Amino acid sequence: MKESDRSGFGSRFGAILAMVGSAVGLGNIWRFPYLVGENGGGAFILIYIVFSILISLPVFCAEVIIGRRGRASAVGAFRNLAPGSKWHLAGYLSILAVFLILSFYSVVGGWSIKYLVDSAMLKFSAGADADFSELFSSFSTATWSPLIYMLVFILINSAVVILGVKNGIERFSKWMMPLLFLLILILVVRSACLPGAGVGYNYLFHADFTKINSDTLMAALGQSFFSMSLGMGAMIIYGSYVSRKDSIASHAVVTLSLDTLFAILAACAIMPAVFSFGLQPNQGPGLVFVTLPYLFSNMPLGTIVAIFFFISLLLAAISSAISLLEVMTSFLIEEFHLSRRQAVTICIAIQVVFGTLCSFSLQAGSPLKLAGLSLFDLFDKVSSDYVMTIGALLTVIFVGWKIKRSDYLDEMTSGGAVHLPRWAAEVIYWLIKVVAPLAILAILIL
Ligand code: TRP
């Protein structure tokens, strides 16, 4: 594909917001707070930040380098950069992972639409004396309604991707990310005004290192990759749309900072409220869908807060899901010469099939279980614990050892057009070449 054929991002600002949009998602609002709750608060946050800087940042740069230099989606980019080698198989691995993630992502995306509808119908208003845990389990294990909401989510997502990179993905992200930021800030302030909010902050920011073990490390690394959309080609394809004039290092730093900020803000919106109402922080995945409704129905202005919250969750989910869908779509367009519309249509069919299986696997007594895990949990676990980690490992090894050092420098400085201090280029280079691969390997082995 010639460079002129690639309809890339229209502006630097748009590129950054699309990347931030991909990074900020269910991972920040749904997953991060419950992982913090399960893994002992502040210490987990600290480890998460260290991993993000030392490991995720270099992986991010490596993915963007592969995409921008290879000028194609994951499979094609590896093939362009290492013709005749087996490296493009790493690209196929990412396509597989995207399947897995997108399936359960669409299910959870559907849940957030359902909860938005419910909050608008005053289901979480003061005095709504419902058993929210029962409500959640009966909804999520029902047959039809989760599927219908999932389908709505898939269709919204597909509509954005059909519109293309500049008119769909970039435009959506440019408007929705600032709005999302505003909504989260409102929630943080609302939460801070609750009596006893301080206990929540103390839990979040007090580091208890006795809770740290190898599982915590794996969880922190997996979460950091998941949250930064790494290890499955999303930043490769977005990188391929980034202008040659942009600085990769500054995209990486901005995306990482905003992604971490969003995660911490989400935790700051949720945890003080959890403690203020005497609930348990270690609720697992149900934190957002069970604990929060209970909380909304007990707080003044709860319905409005609930509506804001679920709009935020939905926006975040869509801006991330579009990047996952773009990985598959661009792959189909490039490899099979389909039109964007045809490619997205095929993706819709695939998502409906796998999403339905995921959703059904949550029903009691469902045969869709493997090793005691439902397909839903299995997809989540396999993709974030293994495929993503291995994908990230291959990415840094490729850029650190396979690509010429001069090519690395050429990308990082955009051929000299971008001023990147020499020491920064060196530090990132050694992080990519040595520190990140060793750290990922060590954690995998542990
Ligand atoms: N980063 C998103 C989140 O935090 C999820 C996501 C989007 C993702 N695209 C990805 C994860 C690509 C891994 C790879 O919710």
Side-chain angles (χ1 to χ4, degrees), residues 17-36 48 52 55-56 59-60 62-64 66-67 73-74 90-91 93-109 111-112 153 157 160-161 169 172-173 176-177 180 184 219-239 252 255-256 258-267 285 288 312-331 347 351 379-395:
L17 285 195
M19 288 176 157
V20 174
S22 167
V24 175
L26 295 174
N28 303 60
I29 304 181
W30 169 63
R31 224 160 170 268
F32 183 78
Y34 86 69
L35 283 177
V36 173
Y48 174 84
S52 294
I55 308 178
S56 294
V59 174
F60 184 97
E63 280 205 21
V64 178
I66 294 176
S73 72
L93 186 73
S94 59
I95 305 291
L96 171 80
V98 163
F99 259 120
L100 301 180
I101 290 211
L102 207 47
S103 321
F104 80 84
Y105 218 84
S106 307
V107 175
V108 182
W111 295 351
S112 50
F153 182 84
N157 190 13
V160 179
V161 173
I169 298 175
F172 180 91
S173 311
M176 295 306 153
M177 295 322 288
L180 176 60
I184 294 267
L221 184 68
Q223 171 61 14
S224 179
F225 286 161
F226 186 88
S227 192
M228 285 287 285
S229 300
L230 298 174
M232 42 187 73
M235 289 306 160
I236 295 186
I237 186 67
Y238 274 21
T255 308
L256 181 75
L258 288 179
D259 183 60
T260 310
L261 180 69
F262 265 101
I264 292 178
L265 284 178
V288 158
S312 314
L313 191 65
L314 183 61
L315 287 182
I318 291 178
S319 66
S320 297
I322 53 184
S323 71
L324 287 162
L325 184 56
E326 181 64 18
V327 174
M328 272 215 257
T329 306
S330 58
F331 165 76
C347 293
Q351 289 174 81
F379 282 11
D380 183 3
K381 232 186 148 40
V382 169
S383 56
S384 52
D385 283 3
Y386 301 103
V387 187
M388 227 148 60
T389 322
I390 293 170
L393 181 62
L394 292 175
T395 308

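No experiment lies behind these values; they were computed from the predicted model shown. We count ligands from 1, going down the list as the structure has it; atoms in each ligand are counted the same way.
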Worksheet entry | Ser52: side chain to side chain donor-acceptor pair (under 3.5 Å) partners, not counting sequence neighbours | Ser224

Practice prompt. Please name all residues satisfying side chain to side chain donor-acceptor pair (under 3.5 Å) with Thr329, sequence neighbours left out, ordered by chain then number.
Written response: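 Side chain to side chain donor-acceptor pair (under 3.5 Å) check on Thr329 returns nothing, list empty.
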
Show the distances, to 0.1 Å, for all pairs joining an N/O atom of ligand 1 and a protein N/O atom that are shorter than 3.5 Å, listing one pair per line.
from     : atom 1 : to     : atom 2 : distance (Å)
ligand 1 : 1 (N)  : Ser22  : O      : 3.1
ligand 1 : 1 (N)  : Ala23  : O      : 3.0
ligand 1 : 1 (N)  : Phe226 : O      : 2.8
ligand 1 : 1 (N)  : Ser227 : O      : 3.1
ligand 1 : 1 (N)  : Ser229 : OG     : 2.9
ligand 1 : 4 (O)  : Ala23  : O      : 2.9
ligand 1 : 4 (O)  : Gly27  : N      : 3.4
ligand 1 : 4 (O)  : Asn28  : OD1    : 3.4
ligand 1 : 9 (N)  : Ser229 : OG     : 3.3
ligand 1 : 9 (N)  : Ser323 : OG     : 3.1
ligand 1 : 15 (O) : Leu26  : N      : 3.1
ligand 1 : 15 (O) : Gly27  : N      : 2.7
ligand 1 : 15 (O) : Tyr105 : OH     : 2.6

Practice prompt. Could you tell me whether a side-chain N or O of Tyr105 sits under 3.5 Å from a main-chain N or O of Ser320, the two making a donor and an acceptor?
Written response: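 No; judged by distance alone, with no hydrogens or angles, the pair does not exist.
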
Worksheet item: Parallel, tilted or perpendicular for Phe104 and Phe226, by the 30°/60° rule?
Response: parallel

Worksheet item: Who passes side chain to side chain contact (heavy atoms under 4.5 Å, CB included) against Leu265, sequence neighbours left out?
Response: Phe181, Ile184, Leu185, Val188, Leu261

Worksheet entry | Test item: side-chain donor near acceptor, Ser22 and Ser229, under 3.5 Å | yes

